[in-house]
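Since the structure comes first, as structure tokens, the remarks are kept for the end.
Small disclaimer: the values here were computed from a predicted structure and weren't measured. Quick note: numbers below take in every heavy atom, side chains included, and nothing from hydrogens, waters or symmetry partners. Just so it is clear: chains get the letters A, B, ... in the order the sequence lines come, proteins before strands, and each one is counted from 1.
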Amino acid sequence: MKLSKTYEPKAYEPNIYQLWETSGAFKPSGDGEPYSIIMPPPNANASLHTGHAMFVVQDILIRYHRMKGDRTIYIPGADHAGFETWVVYEKHLEKQGKSRFDFNREELYQQTWDFVAQNRGLMEVQLKEMGLSCDWSKLVFTLDDSVVDIAYDTFKKMWDDGLIYRGERIVNYCTKHDTSFADIEVVYKDEKSHLWTIIFPLADGSDVIEIATTRPETMVGDVAVAVNPKDERYKHLVGKEISLPLTDRYIPIIADEMVDMEFGTGAVKITPAHDPNDFEVVERHPDLPRLNVIGFDGKMNENAPEKYRGLDVLEARQSILDDLEELKLLTEVKDHQHSVGHCYKCGTVIQPLLKDQWFIKVESLAKQAIEKIEEGEIKFIPENKGRVLVNYLKNLRDWNISRQIPWGIPIPAFQNIDDESDWIFDERVKKQVIEVDGKKYQRDQDTFDTWFSSAQWPYIVTKYHDSKELEEFFPNNVMETGGDIIFQWVSRMIMMSLYREQTIPFKDVYLHGLILAEDGQKMSKSKGNVLNPQGIIEEYGSDALRLGLMASRSAGQNQAFGKDKVIAGRNFCNKLWNIARYIENQVSVSSSDSFPATNNQAPSPITAADHWIIRELNATTNNVATMLEEYRFAEAYEAVYHTIWDKVADWYIEASKGQQNSSMMLWVLETCLKIAHPFAPFVTETIWQTLDWHPKNQGLLISSTWPRHADYDSDQANSFEQLQLIITETREVLGIIGSKNIALLTNSSQLILENDEIIRRMGRVGYIQTADEESGLRLTSTHEHAWLDLDEEQIKLYADTLKKKLEVVANEASALEHRLANEGYIKNAPVALVAESREILKLKLNQAEHLKHQLKHL
RNA sequence: GGGCGAUUAGCUCAUUUGGCUAGAGCGCCACAUUGACGUUGUGGAGGUGGGAGGUUCGAAUCCUCCAUCGCCCACCA
């Protein structure tokens, strides 16, 4: 087949993907060990971002294991992305002049479903563009019935085990989105505000107590003032009553350890309904009420004094401050910086509000997870992330799983209409009201936190999916995801799987860092520095994107994504392409007697270069395998890159122009394609498909086997290294003196005489001759005896370099001598290392001799 | 307040049990060449590995302290 001069990804990539898919290459096959990776499901109705491009890591592992002969499966998913999608849909409603309050929950769910269906599919196309070799027939959507069934099953089990409770607790509430959030979803930002000091007079008028607050508006919800029991300043006041300003209520002064005597005035107002700490104080003082003064709309409610009702929080703050000022109860206003929780989506200040929600008791779950991680049952890459996770789990608080949005899995719980405290589990969530034992129950309006079902993803998509057909793939081998969701997702998957399946969900966790923009900043739409994978693929091709992402990147480390590496990747693809083009032109393929690697045939080396390249490819094949198994992707890629470029292209192919062994060239090409395939699947498969010596429509590279070790002769391989030294040194000398048509002379070297053609071509010497007497410039880097036929003038041009070389070599030699003179070194260092040092020293001394000798004649 | 990470060539970053002359990509300099590839070839310059101590025969790597930058968690009346 005639190939174009440069590789044009766009001309081949779509066809190649289709070829893989229709051939069934993505399905598990053979009877090897099961190997599975499940894809973290991308948002079903959004485009991929650069973070998703790191899924390439998963694909590299999958392709490598498939070639290695494992029964391999890579399962894709699509996420309904509860809150994310809801936000998008609500905006969509807003544009149409509607809101969530115009519809009931079923209607909203259906509408959102349709909306998602319309936009769905984009991300699938994009995942395919990246070449991800996943089994699309096994795709699971996070709202599929099978997912909901298992989520309900788990919820029921937890309910029965007493791990689920409903409680009125402080929740993080976004008044714009009308939903609560888990602690981890709240974003804290430092804000400049004030610390106000307010006088609270005692009811009997005998004294006053000053309190400090950053949220004066909540004072109308105060139920007590607390002081530290050890605080001498206030001891005499504990138990007395305060007449709460601006209200007609009387509240007690209580003692509680939580109060920091150093902060503010040492006296704290207690607002249990709007502050998590105060809530805890009230739990220790059960007589105190929980007075709710802020509504879910973010406005002061009917429990607030009439004057402030209906004002939003900030308006109420100002109004209350004005009133206090007027009453001369405001004694001090200080600048104060403190962190304030915000909705991670819209930035609205999160209100801590009291709400009945479903919670999961996490203590026992976290404990199990900690044990397994500490025992090393799950391996983290990078390692330290395991410790980070344990640290997090040790301080975990109960998990609020209720969300007040329609787009999600309805919580299967019903409340007795006549008895608020009577809740039952029931899966008939499509009904508003059900009847059980003659009692009427009303459905909870809330849906699950998306992470409640996502946390169960590993066993949902393997163990229980498709009538347990994929059971052998659980636990999964690797969970590969972004380090930024280790708490939200990874921790919960581990907890849920240990709880429900009594086993870890996956053996290894590989976490990639954030892909930062080229300027090192986080990518964000508002900064306008977002690079999306589609754009890169469009410009440079999919393989270039993959290679660019893998190069020089280490696990867990955030790193800027630069185009430089993508360009280097594209150039590498082109190099591969041209290697193939050259070999295919050279080799006569009329006879199909030799397609060595395809049939796992051993290559048939003849020349020194043949033996040498077998040795190099053997080594690289092994190294790459080892490094992939250790998740060292950047190093594995680098090994492939340099072996193919520096060794195959620059030495083996160049040498083949002097001495060609056709069948070896085929073997070399096939081996290169195989080791490069996990990294650059498109270009390698494209080339594979053009190999004329393969029977048509038979055998895809993706399904071929990882290269095997091939035999070679060590002496021959070493000989080729000597040739390389001769050629390199010759090039260097001739480069400096700028002369051509110089002769290389030798008196005895068979190697040189036998490789006349190669040395002449590659070393650019005019001719090679035997000579009895040495003259000109002796080559020093090889132990073959050879010299360049230069005259005095020419050698003088080289003298400076010669001197520098001598200096370097002499320094190295003396460093080695010094080291070898050190008794400690001889005694403690490994024997092989010492022997090696001696060997190198010998070499250096020898070289120095030659150099000195040469210089003497100048 | 607690935890984590980073600091290596002009730039972006690699380097796994501590051991050859610390590497790569891009950039830079010089040269070559258009019969595989200019998305090329050949040769080269460029680093006292943030700082200070320590352990060791030997430290970018292990320990201690310091500095700068970044992230996460918790608290913040």
Closest contact, heavy atoms only, [X] versus [Y]:
{"X": "P276(A)", "Y": "I170(A)", "answer": "CA-CG1, 4.0 Å"}
{"X": "V765(A)", "Y": "I759(A)", "answer": "CG2-O, 3.9 Å"}
{"X": "P272(A)", "Y": "V223(A)", "answer": "CD-CG2, 3.5 Å"}
{"X": "M627(A)", "Y": "A639(A)", "answer": "CE-CB, 3.9 Å"}
{"X": "G569(A)", "Y": "L547(A)", "answer": "O-CD1, 3.5 Å"}
{"X": "D231(A)", "Y": "G266(A)", "answer": "OD2-O, 4.3 Å"}

For residues [X] and [Y], is any side-chain donor paired with an opposing acceptor at under 3.5 Å?
{"X": "N578(A)", "Y": "Y7(A)", "value": "no"}
{"X": "D222(A)", "Y": "T271(A)", "value": "yes"}
{"X": "R387(A)", "Y": "N384(A)", "value": "no"}
{"X": "T780(A)", "Y": "Q847(A)", "value": "no"}
{"X": "E191(A)", "Y": "H336(A)", "value": "no"}
{"X": "D183(A)", "Y": "N172(A)", "value": "yes"}

Ignoring hydrogens and angles, does a donor from either the side chain of K844(A) or the base of U21(B) sit under 3.5 Å from an acceptor on the other? yes
Touch class at under 4.0 angstrom, heavy-atom based, for [X] against every strand present:
{"X": "W196(A)", "result": "nothing"}
{"X": "I211(A)", "result": "nothing"}
{"X": "R581(A)", "result": "sugar-phosphate"}
{"X": "I567(A)", "result": "nothing"}
{"X": "A568(A)", "result": "sugar-phosphate"}
{"X": "T271(A)", "result": "nothing"}
{"X": "N558(A)", "result": "nothing"}
{"X": "A815(A)", "result": "nothing"}
{"X": "F263(A)", "result": "base"}
{"X": "V259(A)", "result": "base"}

In whole Å, I'd like the distance from the [atom1] atom of [X] to the [atom2] atom of [N].
{"X": "D564(A)", "N": "C13(B)", "atom1": "CG", "atom2": "P", "result": "11 Å"}
{"X": "I736(A)", "N": "A45(B)", "atom1": "CD1", "atom2": "C1'", "result": "13 Å"}
{"X": "N571(A)", "N": "G27(B)", "atom1": "CG", "atom2": "P", "result": "9 Å"}
{"X": "H642(A)", "N": "A24(B)", "atom1": "NE2", "atom2": "C1'", "result": "5 Å"}
{"X": "H818(A)", "N": "C20(B)", "atom1": "NE2", "atom2": "C1'", "result": "17 Å"}
{"X": "I687(A)", "N": "C37(B)", "atom1": "CD1", "atom2": "P", "result": "15 Å"}
{"X": "K805(A)", "N": "U21(B)", "atom1": "NZ", "atom2": "P", "result": "18 Å"}
{"X": "L514(A)", "N": "U12(B)", "atom1": "CG", "atom2": "C1'", "result": "17 Å"}

Is it the case that over 12 heavy atoms from other parts of the model lie below 6.0 angstrom from the NZ atom of K657(A)? yes
Chi angles and distances behind the ring-ring contact (aromatic ring centres under 6.0 Å, His included) call for F633(A), Y510(A): CA-CA 11 Å; F633(A) 299 99; Y510(A) 181 92; 5.3 Å; yes
Side chain of [X] - closest among [options]:
{"X": "K657(A)", "options": "A14(B), G25(B), A36(B)", "answer": "A36(B)"}
{"X": "E654(A)", "options": "A36(B), U12(B), A24(B)", "answer": "A36(B)"}
{"X": "S552(A)", "options": "A14(B), A74(B), U16(B)", "answer": "A14(B)"}
{"X": "Y582(A)", "options": "G25(B), U39(B), A36(B)", "answer": "A36(B)"}
{"X": "T6(A)", "options": "C13(B), U39(B), G41(B)", "answer": "U39(B)"}
{"X": "Y641(A)", "options": "G43(B), G25(B), G23(B)", "answer": "G25(B)"}
{"X": "R397(A)", "options": "U12(B), A74(B), G41(B)", "answer": "A74(B)"}
{"X": "F487(A)", "options": "U42(B), U21(B), C73(B)", "answer": "C73(B)"}
{"X": "K565(A)", "options": "C13(B), G23(B), G41(B)", "answer": "C13(B)"}

Stem ranges for RNA chain B, with three or more consecutive Watson-Crick or G-U pairs under 3.5 Å? B:1-7 with B:67-73, B:10-13 with B:23-26, B:28-32 with B:40-44, B:50-54 with B:62-66
If the [atom1] atom of [N] is compared with that of [M], how far apart are they to the nearest Å?
{"N": "G50(B)", "M": "U42(B)", "atom1": "P", "value": "33 Å"}
{"N": "C72(B)", "M": "G18(B)", "atom1": "P", "value": "32 Å"}
{"N": "G58(B)", "M": "A45(B)", "atom1": "P", "value": "30 Å"}
{"N": "A22(B)", "M": "C29(B)", "atom1": "C1'", "value": "23 Å"}
{"N": "U8(B)", "M": "U61(B)", "atom1": "P", "value": "14 Å"}
{"N": "A24(B)", "M": "G46(B)", "atom1": "P", "value": "14 Å"}
{"N": "U7(B)", "M": "C62(B)", "atom1": "P", "value": "12 Å"}
{"N": "U40(B)", "M": "G27(B)", "atom1": "P", "value": "9 Å"}

Run the ring-centre check on W577(A) versus Y12(A) and record whether the distance is less than 6.0 Å. yes
Below 4.0 Å: OP1/OP2 of [N] and any side-chain N or O of [X]:
{"X": "K5(A)", "N": "C37(B)", "value": "yes"}
{"X": "W645(A)", "N": "G41(B)", "value": "yes"}
{"X": "K575(A)", "N": "G41(B)", "value": "yes"}
{"X": "R731(A)", "N": "G43(B)", "value": "yes"}

List the protein contact pattern of nucleotides 1-10 of chain B with one symbol per nucleotide (5' to 3'): B for base contact, S for sugar-phosphate-only contact, - for none; contact means a heavy-atom distance under 4.0 Å. --SSSS----
What does nucleotides 54-62 of chain B look like as a protein-contact string, B for base, S for sugar-phosphate only, - for none, at under 4.0 angstrom between heavy atoms? ---B-----
Looking at E280(A) and R397(A), is there a salt bridge between them, counting it only when a charged N and a carboxylate O are closer than 4.0 Å? yes
I want to confirm an ordering. Mapping E638(A) and Y7(A) to their closest nucleotides on RNA chain B, which one lands closer to the 5' end? E638(A)
